[in-house]
Amino acid sequence: MPVRRTSLARPVLEVAPSLLGMVLRRTTDEGTVAVRITEVEAYDGPNDPGSHAYRGQTARNAVMFGPPGFLYVYFTYGMHFCMNISAGPDGQPSAVLLRAGEVTEGLALARSRRGATPPAASTTVKTRRIADRDLARGPARLCVALGITRDANGADLLSRDSAIQLLPGTPFTGSPATGPRVGLREAADRPWRFWIPGEPSVSPYKPHVPKRR
DNA sequence: TGGGCGATTGGCT
DNA sequence: GCCAATCGCCCAC
């Protein structure tokens with residue numbers, strides 16, 4: 001039974017925890033990597049000062065305003081990509097940030113992608129040894145493990161033809177842990193982060209740090 | 001039109 | 001724990 005678009009058209013605070021335990025699977029020439037989602041955050045456009053959609057629609061955040069089940073990929077800090085799944089009914093700009101997962105398929109490929117020299121260390125050529133739990137631990141790492149870049153923005157996760165698909169996986173039936181979202185300046189008090197308790201792949205919490213000068 | 005800053009990460013002290 | 005890397009977005013000029 002595939003994931004149904006109507007199940008993603010509900011309010012984002014319901015959709016976000018329901019994604020825990022689901023699987024994201026991407027196949028390319030290089031091979032296949034699949035990740036079981038262990039940590040997410042909800043972003044509720046018009047009511048949420050922490051959301052990219054808070055100040056209205058732009059070219060970047062357009063996918064958030066469309067129908068649910070599509071990939072919203074954005075570029076940040078000049079070097080990282082993060083991925084969201086659009087949620088809520090068409091026209092309502094909400095999305096779920098995928099913050100972490102457990103690699104369940106394509107471990108070698110994920111390891112190879114993550115072991116490549118990161119942009120921030122481009123002056124040194126190094127092969128990094130990375131623990132399995134860290135392969136997709138954090139939103140930008142998750143994108144690297146799956147090979148997601150801006151090209152994937154707007155991809156339909158529920159289409160059979162899509163290179164990247166959202167699959168039911170093994171549903172998480174327990175109670176998700178909740179807490180404030182990571183690294184936000186605005187609306188830092190809203191407990192809209194959800195994760196599977198005890199999962200080693202869940203990223204550590206970090207509060208927003210104002211920039212020094 | 002320019003500049004401050006971000007849903008981050010990895011390396012180094 | 002501290003900090004640099006690096007660039008596109010967006011809003012105040």
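Proteins come first, then strands; the chains are lettered A, B, ... in the order of their sequence lines, and each starts at number 1.
- Scored by the side-chain hydrogen bond (donor to acceptor under 3.5 Å, both in side chains) test, Glu186(A) finds no partners at all (sequence neighbours excluded).
- Comparing Ala53(A) and Ile130(A), the nucleotide of DNA chain B nearest to each residue sits closer to the 5' end for Ala53(A).
- Under a hydrophobic clustering in which Ile, Leu, Val, Met, Phe, Trp and Tyr are joined whenever their side-chain heavy atoms come within less than 4.5 Å, directly or via other members, Leu97(A) and Val35(A) fall into different clusters.
- Glu39(A) is linked by a side-chain hydrogen bond (donor to acceptor under 3.5 Å, both in side chains) to Arg99(A), Arg193(A), Ser203(A), counting only residues two or more places apart in sequence or in another chain.
- Listed by residue number, the members of residues 35-45 of chain A with any heavy atom below 4.0 angstrom from DNA chain B are Tyr43(A).
- Connection of Phe65(A) to Met83(A) is not established within any shared hydrophobic cluster, with ILVMFWY side chains joined at heavy-atom distances below 4.5 Å, either directly or through further cluster members.
- The backbone N or O of Arg150(A) lies less than 3.5 Å from no partner atom in the side chain of Asn153(A), so there is not a single donor-acceptor pair.
- Taken together through direct or relayed side-chain contacts under 4.5 Å among Ile, Leu, Val, Met, Phe, Trp and Tyr, Val144(A) and Leu24(A) form parts of separate hydrophobic clusters.
- The side chain of Phe75(A) approaches dG8(C) more closely than any other nucleotide in the set dG8(C), dA7(B), dT8(B).
- When the P atom is used for both dA4(C) and dG4(B), the distance is 16 Å, rounded to whole Å.
- Straight-line distance from the CD atom of Gln57(A) to the C1' atom of dC9(C): 15 Å, rounded to whole Å.
- For DNA chain B, the neighbouring residues in residues 192-207 of chain A, judged by any heavy atom under 4.0 Å, are Lys206(A).
- Every residue two or more places apart in sequence or in another chain that forms a side-chain contact (heavy atoms from CB on, under 4.5 Å) with Asp151(A) is listed here: Thr149(A).
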Report, one pair per line, the protein and nucleotides 2-5 of chain B atoms (nitrogen or oxygen only) whose separation is under 3.5 Å.
none

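- Under the 4.0 Å criterion applied to side-chain N and carboxylate O atoms, Arg5(A) and Asp90(A) are not assigned as salt-bridge partners.
- For the pair Leu158(A) and Pro2(A), the minimum side-chain heavy-atom distance is 4.5 Å or more.
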note = Parsed dot-bracket for DNA chain C after applying the Watson-Crick and G-U rules with both distances under 3.5 Å and | for other-strand partners is |||||.||||||.

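- The distance between the ring centers of Tyr72(A) and Phe70(A) does not fall below 6.0 angstrom.
- For Tyr54(A) and dG6(B), the OH to P distance is 16 Å, given to the nearest whole Å.
- Here Tyr77(A) counts as stacked on dG6(B): its ring centre is under 5.5 angstrom from the base ring centre and the planes meet at under 30°.
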key: Residues Ser201(A), Glu199(A); criterion side-chain hydrogen bond (donor to acceptor under 3.5 Å, both in side chains); working and verdict   = CA-CA 5 Å; Ser201(A) 60; Glu199(A) 264 293 324; 3.2 Å; yes

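- Side chain of Met79(A), nearest nucleotide from dT8(B), dA5(C), dG10(B): dA5(C).
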N/O contacts under 3.5 Å, protein versus nucleotides 10-13 of chain C?
| residue | atom | partner | partner atom | Å |
| --- | --- | --- | --- | --- |
| dC10(C) | OP1 | Thr58(A) | OG1 | 3.1 |

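- Looking only at distances, no side-chain donor or acceptor of Asn84(A) sits under 3.5 Å from a matching main-chain atom of Ala95(A).
- Listed by chain and residue number, Asp132(A) satisfy the salt bridge (charged side-chain N to carboxylate O under 4.0 Å, His left out) test with Arg111(A) (two or more places apart in sequence, or in another chain).
- Atom OH in Tyr74(A) sits about 13 Å away from atom C1' in dC9(C), given to the nearest Å.
- Between Pro93(A) and Pro46(A) there is a side-chain heavy-atom pair separated by less than 4.5 Å.
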Please tabulate, for side-chain N and O atoms in residues 7-23 of chain A, each donor-acceptor pair with protein atoms closer than 3.5 Å (sequence neighbours left out).
| residue | atom | partner | partner atom | Å |
| --- | --- | --- | --- | --- |
| Ser7(A) | OG | Arg4(A) | O | 2.5 |
| Arg10(A) | NE | Ser7(A) | O | 3.1 |
| Arg10(A) | NH1 | Glu14(A) | OE1 | 3.4 |
| Arg10(A) | NH2 | Ser7(A) | O | 3.3 |
| Ser18(A) | OG | Val15(A) | O | 2.6 |

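- Side chain of Thr38(A) to backbone of Ile196(A): no donor-acceptor contact under 3.5 angstrom is found.
- Of the residues in residues 132-152 of chain A, those with a non-hydrogen atom less than 4.0 angstrom from any atom of DNA chain B are Gly138(A), Pro139(A), Ala140(A), Arg141(A).
- Applying the salt bridge (charged side-chain N to carboxylate O under 4.0 Å, His left out) test to Arg26(A) and every residue at least two apart in sequence or in another chain returns nothing.
- The gap from the C1' atom of dC3(C) to that of dC5(B) amounts to 16 Å, rounded to the nearest Å.
- Classified by interplanar angle (parallel below 30°, tilted 30° to 60°, perpendicular above 60°), the ring pair Phe75(A)/Phe81(A) is tilted.
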